[in-house]
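Below: the structure, in structure tokens.
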Amino acid sequence: MSLKIILILLALSGLGGILLGYVLRVLIGLAQRGSLELDIKQKLLQAKEKAAEIIAEAEFRSEVIETERLAPLEEREDKLQQKEERLGTKEDFLDTRQQDLDDREDELRRREQEATRLKSDYENLAHDRVRELSKIAHMTPEQAEQQLIREYERVHEESLLMRLQKLEAHGRELLEEKARTILTTVIHRLGNAVNAEATSLYVSIPSEEIKGKIIGKEGRNIKAFERATGVDVLIDEVPDRIMLSSFDPLRRHIAKHALEKLIIDGRIQPAKIEETVEKTRVEMQEIIKQKGEAAAYEAGVLGLDPKLIALLGRLYFRTSYGQNVLQHSIEMAHIAGMLALELGADASIARTAALLHDIGKAVDHEVQGTHVEIGRRILEKYGVDRSVIQAMQSHHEEFPYETPESMIVQVADAVSGGRPGARRDTVERYLERLGDLERLAGAFPGVEKVYAIAAGREIRVFVNPGKISDIAMHKLAQNIALRIQAELKYPGEIKVSVIRENRVVEFAR
């Protein structure tokens, strides 16, 4: 009995334990479920808050972007409105202007119609008068018209003549005033300084001892130098300097460069002098070429033949009334170019013709004829354009003016040479006389070199010893003196010195 009770109690306690475990399990599950729902609700709440923040920020940004987008549009709208207002103002102004133009056009059309009507009435009256005159005078209309014109000219001849003279005088005054204005403008634009050429150059020497070397034993060195160069060497004129005197600028420059080289070298004796002078002459040809190229470039004349450039450079060693011929030609080229531009002529032709107008002077002592004729032949030989030749050949009125450029070159020559201080007439005549002396003596057969020295008071003639004997020397000197007396005019007297020198050269090998 007690065992059954114990078993029953055990069964009941086991059942109660099972029920209690189920109840506890259910309670734990309910507790966990409530906690999970709470978490879910909390996360949903956070998500909603985050979404609200994002939406608010997006709305704020959209408002900012919209404001930024609308600002330029408003500004553009303001500018467009201002432009529309200005266009409206301009349209009103143009409408008013167009109305004025239309009114003027109507007025002009009315006046044109009135003028046409008056012209027609005048022609009708003239025809009627001619017809009436032809009936009365028994003339054709053409004869009556001519008679009427002659009658009108006869009645008003004096007034017409006075009117024509007045117009002619007024036109001449206007042209002269215009010419003066153009020339004044050109001269003011070209303000070159003019330096008259002298007839001597100075060579500085380092010490007085050099003078003795230059003179040499019994004066043989200075005589050899004067013979080789054709210049006068004046030793004691100025301290520390030696003066070289000659009317020929080329000779002066050759002598100056040669003497400077000899002084630097220190070996001054006849053979060295002749060698140095000859080398200097060759070097001078390169200097002449450089002078010609520089002159052509400065004058703006390009494309000239190289041989023509060399001839142009030789003008650097020529003078005209004391004025350097090359500088004179460059100045003329500038003046001619400016005049051509002012007058509507060809400036290139004018400049080229002006630069080459005295090219004949480069060889006039070697070729017969005036420098203008010689220059024409030189330009034709080197294929210079015909228009340039026509422009340069008339600057001394030896040929007629064929083109406007020919008159411009002549005017440029007068302007360049006529300016105060540009030329010295007495110096030019003196130099021409020296040149005539040398040309006259050089024309005799057997003469090798001729140098006019001592300001033209002496002429030295070097002869070929194989052609002129000692006896013939006296006859030659006499003939030269007689010809000088007959053909040249000069003050005082001129000494004629004929020099014949035999030189024998052998080589020891």
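As the structure is a computational prediction, the values presented were derived from the model and not from experiment.
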[atom1]/[X] to [atom2]/[Y] distance, rounded to the nearest 0.5 angstrom?
| X | Y | atom1 | atom2 | result |
| --- | --- | --- | --- | --- |
| Glu331 | Asp413 | CD | CG | 10.5 Å |
| Ile268 | Thr276 | CD1 | OG1 | 9.0 Å |
| Thr89 | Leu94 | OG1 | CG | 11.0 Å |
| Asp385 | Gln390 | CG | CD | 8.5 Å |
| Ser387 | Glu402 | OG | CD | 11.0 Å |
| Glu260 | Thr280 | CD | OG1 | 9.5 Å |

Any sub-3.5 Å donor-acceptor pair from [X]'s side-chain atoms to [Y]'s backbone N or O?
| X | Y | result |
| --- | --- | --- |
| Ser394 | Pro400 | yes |
| Arg460 | Ser497 | no |
| Glu438 | Ala452 | yes |
| Arg351 | His334 | no |
| Gln269 | Asn221 | no |

- Message: Using side chain to side chain contact (heavy atoms under 4.5 Å, CB included), reason through Leu244 and Asp232 one step at a time and then give a plain yes or no.
- Response: CA-CA 6 Å; Leu244 305 175; Asp232 283 334; over 6 Å; no

- Query: Salt-bridged, Glu373 to Arg376, with N to O below 4.0 Å?
  - Reply: yes

- Do Lys307 and Asp305 meet the salt-bridge criterion of a basic N to acidic O distance under 4.0 Å? no

- Message: Counting the benzene-type ring for Trp, do His357 and His328 have ring centres under 6.0 Å apart?
- Response: yes

Validation row: [X], [Y] side chains within 4.5 angstrom (heavy atoms):
| X | Y | value |
| --- | --- | --- |
| Leu308 | Ile378 | yes |
| Asn464 | Ile468 | no |
| Ile494 | Glu458 | no |
| Leu482 | Gln478 | yes |
| Arg109 | Asp106 | yes |
| Ile273 | Leu262 | yes |
| Arg281 | Met284 | no |
| Leu341 | Met338 | no |

- Message: According to salt bridge (charged side-chain N to carboxylate O under 4.0 Å, His left out), who are the partners of Asp102, at least two apart in sequence or on a separate chain?
- Response: none

Closest heavy-atom pair and its distance - [X], [Y]:
| X | Y | result |
| --- | --- | --- |
| Ala391 | Ile349 | CB-CG2, 4.3 Å |
| Val447 | Leu476 | CG2-CD2, 4.2 Å |
| Lys272 | Asp265 | CE-OD2, 3.8 Å |
| Ile288 | Arg314 | CG2-N, 3.4 Å |
| Arg483 | Ala443 | NH1-CB, 4.1 Å |
| Asp358 | Leu315 | O-CD2, 3.5 Å |

- Task: Determine whether the side chains of Asp346 and Ser348 contain a donor N or O and an acceptor N or O closer than 3.5 Å.
- Result: no

- Query: Ser406 and Gln393: side-chain donor and acceptor closer than 3.5 Å?
  - Reply: no

- Item | side chain to side chain donor-acceptor pair (under 3.5 Å) partners of residues 284-295, not counting sequence neighbours, each pair once | none

- Can you list the steps and then say if Asp95 with Gln99 is a side chain to side chain donor-acceptor pair (under 3.5 Å)? CA-CA 6 Å; Asp95 291 340; Gln99 183 63 37; over 6 Å; no

- Could you give me the CA-CA distance, side-chain angles and deciding distance for Gln410 and Tyr401, then say whether side chain to side chain contact (heavy atoms under 4.5 Å, CB included) is met? CA-CA 9 Å; Gln410 196 273 337; Tyr401 299 114; 3.4 Å; yes

- Message: How about CG on Leu80, more than 12 heavy atoms from neighbouring residues, nucleotides or ligands closer than 6.0 Å, or not?
- Response: yes

- Taking atom CD of Glu107 as the centre, report whether more than 12 heavy atoms of other residues, nucleotides or ligands fall under 6.0 Å from it. yes

- Sorted by chain and residue number, the side chain to side chain donor-acceptor pair (under 3.5 Å) partners of Glu283 (sequence neighbours excluded) come out as Lys261

- Six-ring centre of Phe225, Arg220 cation under 6.0 angstrom, axis tolerance 45°: no

- Task: Report yes or no: is the cationic atom of Arg251 (NZ for Lys, CZ for Arg) closer than 6.0 Å to the six-membered ring centre of Tyr451, at no more than 45° off its axis?
- Result: no

- Task: Show your working on side chain to side chain contact (heavy atoms under 4.5 Å, CB included) between Ile480 and Phe444 and close with a plain yes or no.
- Result: CA-CA 8 Å; Ile480 291 175; Phe444 284 86; 3.6 Å; yes

- Message: Run the side chain to side chain contact (heavy atoms under 4.5 Å, CB included) test on Leu440 and Leu437 for me, step by step, so that the C-alpha distance in whole Å, both residues' side-chain angles and the decisive distance to 0.1 Å come before the verdict.
- Response: CA-CA 5 Å; Leu440 185 147; Leu437 275 174; over 6 Å; no

